[in-house]
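Inspection log for the structure reproduced underneath, given as structure tokens.
In what follows, chains are A, B, ... by sequence order, proteins preceding strands, each numbered from 1. Values below: every heavy atom of this structure, side chains too, minus hydrogens, waters and symmetry copies. Bear in mind that the values here come from a model prediction, so they are computed numbers and not experimental data.
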Amino acid sequence: MRKKQKKIATFPELPQAKKGEVVTRFPPEPNGYLHIGHAKAAIISREYAKRYGGKFILRFDDTNPEKEGEYYQPQKEDLKWLGIDWDEEYCTSSNLEKHYKLAEKLIKEGNAYVCCCSPEEIKSSRFNRKPCKCRKNSIEKNLAKWSELFYMPEGKAVLRLKADLESPNTAMRDPTLFRLIDAPHPIQGKKYRCWPTYDFAGAVEDSLSGVTHAFRTKEYELRDEVYYYLLDKLNLRKPLLIEYSRLSLKGMPVSKRIIKNLIDERKVAGWDDPRVPTLRGLRRRGIQPNAIHQFVLSLGISKVESEITFDQLEAINRKNLDPVSKRLYFIPNPTRLIIHGVSPRETELRLHPQFDLGKRSLKVGRVFYISKQDVNQLEIGEKIRLKELYNVEIKKITEKEVWGDYEGEKLLPKIKKIQWVPENYAELEVICPKEIFVDGAYNQDSLKTLTGYVEKEIENIKSDEIVQFERFGFCRIEKNGKLRAFFCG
RNA sequence: GCUCCCGUGGUGUAGUCCGGCCAAUCAUUCAGGCCUUUCGAGCCUGGGACUCGGGUUCGAAUCCCGACGGGAGCACCA
């Protein structure tokens with residue numbers, strides 16, 4: 001009966017794409033947990049590989065030992081949770097020998113040179129478009145210096161591409177290809193100390209690993225020229241570069257740096273704080289992987305820089321959750337309700353109004369709890385219905401309690417139906433994450449906590465399960481030591 | 001400062017390459033209604049946009065020029 005075919009957002013066709021011959025990659029630097037920006041990158045690449053029946057590679061771009069940490073495994077966990085699988089996996093750091101050979105080729109053909117100038121000198125000669133003294137060294141001298149380079153102190157020299165110092169594109173003014181780093185590498189340890197830069201490693205790895213379509217964010221656009229120029233000099237196949245805009249969310253920092261600051265300042269609890277758009281944060285908040293996929297797909301791959309509101313993701317999430325989430329009653333700000341003229345009973349309620357998700361049974365007496373918000377709307381003499389139970393006529397309302405009379409079982413038209421819990425309830429804390437920044441300033445109320453009563457049935461809900469508290473919203477239940485719920489729409 | 005990229009409703013997005021079928025798509029949001037023992041989901045109706053100014057053309061969201069606005073890069077980070 002519910003077969004309604006919903007339009008699912010898709011990406012546009014890929015240029016120069018042949019069925020079965022598309023190879024894409026996701027190349028994170030293993031220096032932290034994955035966030036929704038990474039998810040966008042991974043989903044775009046993965047999606048296209050799948051669409052054209054091609055191959056998708058996970059490549060760890062771990063070429064800066066100063067920054068890399070032990071995040072290979074956590075990042076893979078994040079990807080798996082997201083529902084991303086890959087056909088191949090490797091680390092750029094395991095290909096350094098190949099990189100050295102290619103560097104040597106560049107030098108031999110006069111396309112790269114060892115530069116011993118200070119960073120300041122390099123910077124100013126770039127700015128002034130003037131060659132430095134190292135640039136005119138002979139090929140023989142450069143080859144000699146290249147072999148010496150491996151034994152020079154850190155920061156003493158670099159290998160530079162001999163490109164175009166006159167270029168209006170600053171990225172083309174002899175970019176650095178290799179530099180010395182003494183910090184130990186998380187996998188390679190102290191085996192290497194001459195490491196390729198992004199410009200070199202990224203282009204070379206894409207080409208060598210067979211990538212046909214390489215996606216990256218817009219801020220790399222100026223480096224396209226370097227990418228193609230370098231591969232041209234190396235006589236390597238050129239993948240097609242495609243840029244898209246970076247994902248930014250309103251009031252929610254995606255940048256690792258800003259999230260780290262928030263953690264350091266104790267403004268958020270950690271990398272899995274529900275206010276933060278790391279995959280771990282989103283997971284705790286109750287955002288499901290399929291919603292993230294649909295969300296990313298709906299954004300497309302345009303280059304327009306935009307600030308997306310979180311409610312779009314929540315809306316998708318809710319729709320996915322609706323048919324599969326159990327319904328329970330939760331009462332925020334509970335107020336006691338005492339009924340006259342009824343005897344205790346046991347009742348069974350469906351866990352979902354349309355689908356068979358099972359039932360829960362409740363023992364009810366004369367005492368109930370209903371929410372303060374509902375009480376505020378009540379009038380003396382009004383008939384209401386305790387949802388799925390029976391009707392009640394309101395007799396008396398005080399600050400602390402409400403009294404009512406039993407008014408029969410028959411469903412009356414047009415009366416309020418409100419949720420309730422019996423006296424045998426469980427207490428529950430509901431965490432409601434809000435935007436971290438409002439008008440650029442930290443939002444003190446970004447993590448509201450609400451307490452209330454919930455049905456005992458909550459004990460049968462598994463940790464991590466998402467339920468819908470009727471007339472309240474969807475919440476993810478967490479039970480690690482402490483019972484808590486996280487509001488997700 | 002220089003260079004590059006981008007500019008469609010409140011928010012995203014399709015359309016822009018190859019001008020007409022675009023009095024502009026879809027989603028979300030907002031307003032109202034229907035359905036429903038939920039303020040969820042579903043259904044229906046409505047509001048709301050081609051940054052501006054020139055030009056080319058019978059005709060421009062689409063092409064050209066200029067302005068304005070936003071973003072990025074100018075690292076021995078990725």
Side-chain angles (χ1 to χ4, degrees), chain A residues 2 4 6-10 12 15 27-31 61-64 66-68 92 115 117-119 122-123 126-127 129 154-160 167-173 175-181 194-199 201-202 216-225 243 245-250 256 294-295 297-316 318-323 325 327 329 349-350 352-354 373-374 384-391 411-413 415-419 468-474 489:
Chain A
R2 64 176 29 230
K4 206 131 277 168
K6 265 281 157 194
K7 215 167 288 166
I8 308 254
T10 48
E29 184 183 16
N31 66 351
D61 260 345
D62 52 351
T63 56
N64 185 353
E66 269 169 1
K67 288 196 157 185
E68 265 71 278
T92 300
C115 180
C117 297
S118 69
I122 292 177
K123 191 173 179 165
R126 269 211 189 101
F127 184 80
R129 310 187 187 196
E154 188 176 280
K156 206 67 195 165
V158 295
L159 184 76
R160 288 224 262 164
S167 173
N169 180 357
T170 49
M172 279 296 283
R173 321 236 260 244
T176 297
L177 264 23
F178 284 84
R179 79 293 208 201
L180 270 5
I181 298 171
C194 180
W195 291 92
T197 58
Y198 172 79
D199 280 323
R216 54 185 187 181
T217 45
K218 247 182 29 154
E219 67 265 27
Y220 295 112
E221 245 173 344
L222 275 328
R223 319 208 74 85
D224 285 11
E225 204 181 339
E243 269 97 8
S245 69
R246 214 178 176 130
L247 170 55
S248 55
L249 296 165
K250 184 162 184 290
K256 189 188 142 192
Q294 290 164 33
F295 174 70
L297 249 32
S298 79
L299 301 179
I301 50 166
S302 80
K303 293 207 267 188
V304 186
E305 61 280 327
S306 51
E307 201 172 50
I308 301 135
T309 45
F310 199 75
D311 55 13
Q312 313 221 22
L313 218 198
E314 282 183 322
I316 297 171
R318 262 200 306 274
K319 280 174 198 167
N320 292 338
L321 251 18
D322 187 69
S325 296
R327 311 292 142 123
Y329 295 156
L349 304 184
R350 290 169 62 89
H352 194 284
Q354 287 112 47
Q373 286 91 321
D374 284 330
I384 59 154
R385 185 176 183 86
L386 296 180
K387 216 165 168 292
E388 313 259 10
L389 194 64
Y390 49 64
N391 307 319
L411 195 57
L412 299 173
I415 64 169
K416 281 176 197 156
K417 291 122 192 164
I418 65 171
Q419 81 277 26
Q468 188 202 74
F469 292 136
E470 293 204 40
R471 305 209 307 137
F472 181 80
F474 293 95

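R126(A) has a side-chain polar atom (N or O) that falls below the 4.0 Å cut-off from OP1 or OP2 of rC76(B). Not one side-chain nitrogen or oxygen of R223(A) sits closer than 4.0 Å to the OP1 or OP2 atom of rC5(B). Close to rA27(B), at under 4.0 Å from its OP1 or OP2, lies no side-chain N or O of S298(A). Taking 4.0 angstrom as the limit, R173(A) places none of its side-chain polar atoms (N or O) nearer than this to OP1 or OP2 of rA75(B). Listed pair S245(A) / rC5(B) fails the phosphate criterion, with no side-chain N or O lying under 4.0 Å from OP1 or OP2. Distances shown here put a side-chain N or O of T176(A) below 4.0 Å from the OP1 or OP2 atom of rC76(B). Within the 4.0 Å cut-off from OP1 or OP2 of rU13(B), at least one side-chain nitrogen or oxygen of S306(A) is found.
With a cut-off of 3.5 Å on both pairing distances, rC17(B) has no Watson-Crick or G-U wobble partner at all. rG12(B): Watson-Crick or G-U partner is rC26(B), with both key distances under 3.5 Å. When both distances must be under 3.5 Å, the Watson-Crick or G-U wobble mate of rA78(B) does not exist. Nucleotide rC34(B) is matched to rG42(B) when pairs are restricted to Watson-Crick or G-U wobble geometry with both distances under 3.5 angstrom. Across all strands shown, rG53(B) forms a Watson-Crick or G-U wobble pair with rC65(B), both key distances being under 3.5 Å. Checking rC4(B) for Watson-Crick or G-U wobble geometry (two distances, each under 3.5 Å) identifies rG71(B) as its partner.
Put simply, the side chain of N64(A) reaches to within 4.5 Å of the side chain of R179(A), judged on heavy atoms. Considering only heavy atoms from C-beta on, Q468(A) stays 4.5 Å or farther from L321(A) through its side chain. Under the 4.5 Å side-chain criterion, counting only non-hydrogen atoms from C-beta, R327(A) is in contact with P353(A). Side chains of Y329(A) and E470(A) form a contact here, defined as non-hydrogen atoms less than 4.5 Å apart.
On the C1' atoms, rC65(B) is 16 Å away from rU57(B), given to the nearest whole Å. Separation of the C1' atoms belonging to rU51(B) and rG32(B) is 32 Å when rounded to the nearest angstrom. Atom P of rG46(B) sits at a distance of 27 Å from the matching atom of rU16(B), rounded to the whole Å. Comparing the P positions of rC64(B) and rG19(B) gives an interatomic distance of 11 Å, to the nearest angstrom. Between the P atoms of rG47(B) and rG55(B), the separation comes to 33 Å (whole Å). Atom P of rG66(B) sits at a distance of 31 Å from the matching atom of rA24(B), rounded to the whole Å. Nucleotides rG33(B) and rG70(B) have their P atoms positioned 41 Å apart, rounded to a whole Å. For the C1' atoms, the distance linking rG9(B) with rG1(B) amounts to 36 Å, nearest Å.
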- Item | Trace of the salt bridge (charged side-chain N to carboxylate O under 4.0 Å, His left out) decision for E219(A) with R246(A) | CA-CA 8 Å; E219(A) 67 265 27; R246(A) 214 178 176 130; 2.5 Å; yes

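Set against rC6(B), rC77(B), rU13(B), the side chain of R179(A) has rC77(B) as its closest nucleotide. The nucleotide whose nearest atom lies closest to any side-chain atom of P353(A) is, among rC39(B), rC5(B), rU38(B), rU38(B). Picking from rC5(B), rU37(B), rC77(B) the nucleotide with the shortest atom distance to the side chain of E221(A) gives rC5(B). Which of rA75(B), rU38(B), rC76(B) sits closest to the side chain of I122(A) comes down to rC76(B). Taking every side-chain heavy atom of L222(A) into account, rC4(B) is the closest of rA78(B), rC39(B), rC4(B). With rC6(B), rA78(B), rU38(B) as the choices, the nucleotide that has an atom nearest any side-chain atom of T197(A) turns out to be rA78(B). Taking only side-chain atoms of D322(A), from C-beta outward, the nucleotide of rA78(B), rG40(B), rC6(B) with the closest atom is rG40(B). Distances were taken from every side-chain heavy atom of R129(A) (C-beta onward) to each of rC2(B), rU29(B), rG70(B); the shortest belongs to rC2(B).
Nearer the 5' end of RNA chain B, as judged by each residue's closest nucleotide, is the contact made by P168(A), out of P168(A) and A171(A). With RNA chain B read from its 5' end, the first of the two nearest nucleotides for I418(A) and D61(A) is the one closest to I418(A).
On a pure distance criterion of 3.5 Å, no polar donor-acceptor pair joins the side chain of E219(A) and the base of rG73(B). Taking 3.5 Å as the limit, the base of rU38(B) and the side chain of Q419(A) contain no donor-acceptor pair of atoms between them. No hydrogens or angles were tested; on distance alone, nothing pairs the side chain of E307(A) with the base of rU11(B) as donor and acceptor under 3.5 Å. Side-chain N/O atoms of Y220(A) and base N/O atoms of rA78(B) include a donor-acceptor pair closer than 3.5 Å.
Within 4.0 Å (heavy atoms only), K387(A) reaches at least one base atom of the nucleic acid.
Salt bridge D374(A)/K417(A): absent, no basic N to carboxylate O contact under 4.0 Å.
The distance from atom CG of L247(A) to atom OG of S306(A), rounded to the nearest 0.5 Å, is 7.5 Å.
Looking at L180(A), I122(A), T197(A) one by one, the single match for side-chain contact (heavy atoms from CB on, under 4.5 Å) with V158(A) turns out to be I122(A).
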